[in-house]
> 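Starting off with a structure, shown below.
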Amino acid sequence: MTTSSALPKQYDPSEVEPRWRRFWLENGFFHADEASPTVPYAITLPPPNVTGSLHIGHALGFTLQDILIRWKRMQGFNAMWMPGIDHASIAVHVLLEKDLQRREHKTRFDIGRDEFMRRAWAWKERSGSRISEQEKLLGFSLDWPRERFTMDDRANRAVIEAFVRLHEDGLIFRAKRMINWDPASETVVSDLEVDIAEENGSLWEIRYPIVGGASAAGAIVGGASSEAITVATTRPETLLGDTAVAVHARDERYRHLHGKLVELPLTGRQIPIVAVDVMIDGKSWPDPAFGSGAVKVTPAHDPTDYEVSQLVGLPILQVIDAQGRMCDPAPAKYVGMAVEDARKAVVADLEAAGLLGAVKDYKVPRGRSQRTGAVIEPMLMEQWWVKAAPLAEKAVAAVEQGKTKFVPEHETKTFMHWMTHIKDWCISRQLWWGHRIPAWHCACGAITVARETPAACSTCGSAAIMQDEDILDTWFSSGLWPFSTLGWPDKTRDLATFYPNNVLVTGPDILFFWVARMMMMGLHLMGKVPFRTVYLTSIITDENGAKMSKTKGNGIDPLDVVHGATVDQLVERIDIEKPPVDLDALKRTVRKNFPKGVPAMGADALRFAFAALNTTGRIRLSVDRVEKYRNFINKLWNASRFALMNLDGYDPERFEAQLSTPAGRASLGMPERWILSRLQGVVGQVDAALEAFRFNDAAGAIFHFVWDELCDWYIELAKPHLYMSAEVEQDAARNARRHVVQGVLATALETTMRLMHPFSPFVTEEIWQKLPKPPQLPGSLMITVFPRGDASWVDPAAEAEMQLLQEVAVACRMLKQTYGVSPAQSIDVELRVASPAPRAILEHHLGVIERAAKVAATLSADTAAATPAGSAKAVVGGDVEIVMPLGGLIDVAAEKSRIAKDIAKADKEIAMLDKKLGNADFLARAPEDVVAEQRGRLAEEQSRRQRLADALATLSAGGAAGGAAKGAS
RNA sequence: GGGCGAAUAGCUCAGCGGAAGAGCGUCGCCCUUACAAGGCGGUGGUCGCAGGUUCGAACCCUGCUUCGCCCACCA
């Protein structure tokens, strides 16, 4: 090797990435100036939870955002990408309280609110920057000086302002309603934070004895002989809080019992049998066809029962407390029991009393807290609510008017459906880490809502007021994020410039949690939608379509993909993180799923993979798949390495000057014109694809151009012109030619780097910095100009010519391969073509075929000449025959069957086209160009078939020439 | 129960009115001086089923089947 290459054969991201990361940050390239006169383009990063680390879903969404931001920045927009972190109140509680329990065996109530908050802040200071570091690692060009936290001073101000205004507007109110109670974290959670799943349970039948029945009047025991009404329940323990038994008013079976009392077992209480006919959720209730048709009613602990109690007027008896234990109005025996224990006790006591009927296994829908996994207890409590309907109306109208659109478009329906069926949003939480509700309670019963701590009750003037203990749902502050980050409620330059944002990119899983709330808050408080487009990403799953999770051992950590991790490291991590599952089983799963660990592939490969694999729906991600794009990065690296090894003596300014004149352009060879034309093609495709958020198309276009066109064809064809030798050195013409080829290669690569930079910023910056370029360019690729289409470089003639040459070369390779001719061995071929146009092309560029297929080609117009005995033959297009004399090598039988197969294929095509063109309706109604195209195809296929048939006839006639060749199978 | 999707090569997915595509896999041949994380070639599909619209359907419409996802308080 003559070149002492400074570049390693394999691309090493670990060496390259840190350098450019530092360089970009130190130069402040990510920072946008709100006062810039250029057109703004803004995206707000969905703030990750402070508890978390960057997972694969973040990595995907953030990568797509960075692609958009870098692309727009290079296009000259004032691109601003707002970073931030969310305080994630309940998640922090779960984390810290678990830790508190483990280390000190204490609950948050043991240490108190102030101490808990002190610890939470200390913890936030310690781990809050971890995510930002990880974001930097992946090269995200976030505007760091703007970074925000949902509990920083400015965010707090915005939250209070929003609360007070919504309260003033009558959109925030206090009400006692049925809520979802999470007994583990002792707080309310919203409907969205409850996961309902069918779990195995039982359906118990219980007999409630009728008071004053035919026999044993008033007796609780000896129920077998008393008249009784049977109810069915999945929750026997709630019996202790029953205040009625309901039957349908028109249910004849129970007509005689209307108004009678039953003895509520185990309680000594008597409750009425009420006749009811109400509509619950659009259905008549109770349903006489279900179970016995009689329903026990527990208004305090069942949403339906509560609703009924309000409609019919029944007392409400709370027998379960905030810790999920039975409480006072329940008989003393059960007080203090956990719900599950009380259930067993009640069932046992009922059985003992002879009041238990049939028991069967039953699938019960059970709600669990998303965060703690605890079974949700429906409870009646006074809470703060946001009146959702008026806010939702504005959001619906804005979407209908196209002020915000969704990509993919069908997500619009999901959004609209939810918005038009929206329920009030419970926003108070009985937690500490979060924004305390700016409301003060007075003994007089009045509540004062204020921006600043008030000195006295606004109603009675008493100074003895106490701030509400509750905090706000995390999503309340998140809903303000697109404008609170820009300085709202102040009228700032930031807001004027960057609100509304152009795009929001997030996962479909938080469409309701977050997107919906931002739309409502933005429209109400800012009067404008928060973003023009909502792009919803795919969901990442493992190869089998299962959601990635730590407890399942199928997750891929994006940072492992960047740095690499051995399987032992993956397993060790399980011991550190201790997810709440069987650790040994998990370790085995991880060893099975990642036998080789995760190879280090670099941020660029991961980012490119995300773009390329991002289709609507879900991405089944695996290490192997990312590896493919790692290989692609390496391919690009090596192509560049090759170029750099052969660019000595290249003068970019001279080349640029040459291209600026018509004569200079004319001096380009056909392959040069072809690759520059293809380059135009890919530039146009990438730009169009990104405009439409078709990241996979954009990445695919780059992939295909670089690998299949630039590397496989252009570089191969350029090689003979690039290699330097003493001979070349003394030949002025060849020198000039070399310089042109160098220029085209360098230009193609340089443009490709700009085109690909948003996807894979590190490797492209590294290569770009090394490429020779004209002077006066910026010091970094990321602030150069994104390639713009230039139609003057589109060259259909060159593309058509190359296509023919490629087809002929591929056919030559195929024949060589079929007959066992080594790729390295050159062989004679004769190209026979009658039509002047293709002949002219072949004549001018025989060298291209010779180079690409490693053959020695001759050209002939005489298609009628006899072929040498033992020749293999192929036909390209309609009339380019490739004759490869193989002497004794050819296996006549194999060759005949191969050609016969080709003929069969042609026959099929011809039959189809004949049918089409024989159809008068087709000729009459199809557009002319389509008809002409089909005619052309038919002619080509017929010509091709003829040539193949001739070849077959020749073979059959001279079949004796066949030798004992090592033929094809 | 309601809503929204999806069924195309062995696998994962593009294509969404005018010649069935890609990557991976598989089968061969090559360590050819950028790259074996590579090169070259081959194999592989009545585009879920049944109707309809159209000159023409993988693509539009209807029904069916099978899978996903989201929403939903039947005791």
> Output the single nucleotide from B:C74, B:A34, B:C73 whose closest atom is nearest the side chain of A:Phe290.
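Among the listed nucleotides, the one closest to the side chain of A:Phe290 is B:C74.
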> Provide the closest heavy-atom pair for A:Leu749 versus A:Ala639 in the form atom of the first, atom of the second, distance.
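Shortest heavy-atom separation between A:Leu749 and A:Ala639 comes out as CD1-O, 4.3 Å.
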> Would you indicate what A:Phe632 reaches in the nucleic acid, counting non-hydrogen atoms under 4.0 angstrom: base, sugar-phosphate, or nothing?
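Nothing: the residue A:Phe632, judged by heavy atoms under 4.0 Å, touches no strand.
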> Of the nucleotides B:A19, B:C73, B:C35, which one has an atom closest to the side chain of A:Arg641?
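The nucleotide sitting nearest to the side chain is B:C35.
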> Does A:Lys628 contact B:C24 through a side-chain donor or acceptor facing the base, at a distance under 3.5 Å?
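No pair found.
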> Contact class for A:Asp712 vs. all strands (heavy atom < 4.0 Å): base, sugar-phosphate, or nothing?
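Sugar-phosphate, backbone atoms only, no base.
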> I would like to know whether A:Glu198 and A:Lys363 meet salt bridge (Lys or Arg N to Asp or Glu O under 4.0 Å); could you show each step before the answer?
CA-CA 6 Å; A:Glu198 284 207 332; A:Lys363 293 274 181 206; 5.9 Å; no
> Compare side-chain N and O positions of A:Lys901 against OP1 and OP2 of B:G42 and report whether any pair is under 4.0 Å apart.
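No, A:Lys901 has no side-chain N/O under 4.0 Å of OP1/OP2 on B:G42.
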> Using OP1 and OP2 only, check whether a side-chain N or O of A:Trp707 sits under 4.0 Å from B:G38.
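A:Trp707 to B:G38 OP1/OP2: no side-chain N or O under 4.0 Å.
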> Whether A:Asn638 contacts B:A37 is assessed here as follows: a side-chain N or O lying under 4.0 Å from the phosphate OP1 or OP2. Is that the case?
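A:Asn638 to B:A37 OP1/OP2: no side-chain N or O under 4.0 Å.
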> Where the side chain of A:Thr414 is concerned, which of B:C73, B:U12, B:C4 is the nearest nucleotide?
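Closest nucleotide to the A:Thr414 side chain: B:C4.
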> Contact class for A:Glu716 vs. all strands (heavy atom < 4.0 Å): base, sugar-phosphate, or nothing?
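Base: the residue A:Glu716, judged by heavy atoms under 4.0 Å, touches a nucleobase.
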> Report yes or no: is there a donor-acceptor pair, N or O only, under 3.5 Å between the side chain of A:Lys719 and the base of B:A34?
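A donor-acceptor contact between them is present.
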> Please check if any side-chain donor atom of A:Asp12 sits under 3.5 Å from a side-chain acceptor atom of A:Ser14, or the reverse.
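Result is yes, a qualifying pair exists.
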> Hey, does A:Leu923 reach any base, or is it just sugar-phosphate, or nothing, if we go heavy atoms under 4.0 Å?
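Counting heavy atoms under 4.0 Å across all strands, no contact is made by A:Leu923.
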> May I ask you to decide whether A:Arg235 forms a salt bridge with A:Glu237, counting only side-chain N to carboxylate O separations under 4.0 Å?
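Salt bridge flag = yes for A:Glu237 with A:Arg235.
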> Can you find an N or O donor on one side and an acceptor on the other, under 3.5 Å apart, linking the side chain of A:Glu941 with the base of B:A19?
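Result: no qualifying N/O pair found.
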> Phosphate oxygens OP1/OP2 of B:A34: is one of them under 4.0 Å from a side-chain N or O of A:Tyr714?
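No, outside the criterion.
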> Taking the side chain of A:Arg618 as its heavy atoms from C-beta onward, which of B:G68, B:U32, B:C35 lies nearest to it?
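Per side-chain heavy atoms of A:Arg618, the pick is B:G68.
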> B:A37 phosphate, OP1 or OP2: any side-chain N/O from A:Arg630 under 4.0 angstrom?
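No, no such contact exists.
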> Charged N to carboxylate O below 4.0 Å: is that the case for A:Glu909 and A:Arg945?
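No salt bridge links A:Glu909 with A:Arg945.
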> Looking at B:C73, B:G18, B:U12, which one has an atom nearest to any side-chain atom of A:Arg625?
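Taking heavy atoms from C-beta onward, the closest nucleotide is B:U12.
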> If you measure only the distance, is there a donor-acceptor pair under 3.5 Å linking the side chains of A:Asp242 and A:Tyr208?
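The criterion, which ignores hydrogens and geometry beyond distance, is satisfied for A:Tyr208 and A:Asp242.
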> Side-chain N or O of A:Thr615 less than 4.0 angstrom from OP1 or OP2 on B:A14?
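So the side chain of A:Thr615 is within the cut-off, an N or O lying under 4.0 Å from OP1 or OP2 of B:A14.
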> Any cation-pi pair here, A:Lys635 with A:Tyr629, using under 6.0 Å and within 45°?
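Ring-cation test returns no.
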> Side-chain donor or acceptor of A:Gln10 under 3.5 Å from a matching atom on the base of B:A37?
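Between B:A37 and A:Gln10, which were checked side chain against base, a qualifying N/O pair under 3.5 Å is present.
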> Checking all strands, does A:Asn634 fall into the base, sugar-phosphate, or nothing category for heavy-atom contacts under 4.0 angstrom?
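Result for A:Asn634 = base.
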> Tell me which nucleotide among B:C71, B:A19, B:G42 gets nearest to the side chain of A:Leu192.
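Nearest to the side-chain atoms of A:Leu192, counting from C-beta on, is B:C71.
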> Classify A:Pro286 by what it touches in the nucleic acid, base, sugar-phosphate, or nothing, heavy-atom distance under 4.0 Å.
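Since a base atom lies under 4.0 Å of A:Pro286, the category is base.
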> What nucleic acid atoms does A:Trp418 come within less than 4.0 Å of, heavy atoms only: base, sugar-phosphate, or nothing?
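Nothing: the residue A:Trp418, judged by heavy atoms under 4.0 Å, touches no strand.
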> Output the single nucleotide from B:A34, B:A75, B:G5 whose closest atom is nearest the side chain of A:Lys413.
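Shortest atom-to-atom distance from the side chain points to B:G5.
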> With a non-hydrogen cut-off below 4.0 angstrom, is A:Val231 in contact with a base, only sugar-phosphate, or nothing?
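It contacts nothing in the nucleic acid.
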> Using a heavy-atom cut-off of 4.0 Å across all strands, would you classify A:Tyr362 as base, sugar-phosphate, or nothing?
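Sugar-phosphate, backbone atoms only, no base.
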> Base, sugar-phosphate alone, or nothing: which one does A:Arg937 contact when heavy atoms must sit under 4.0 Å apart?
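Base, at least one base atom sits under 4.0 Å.
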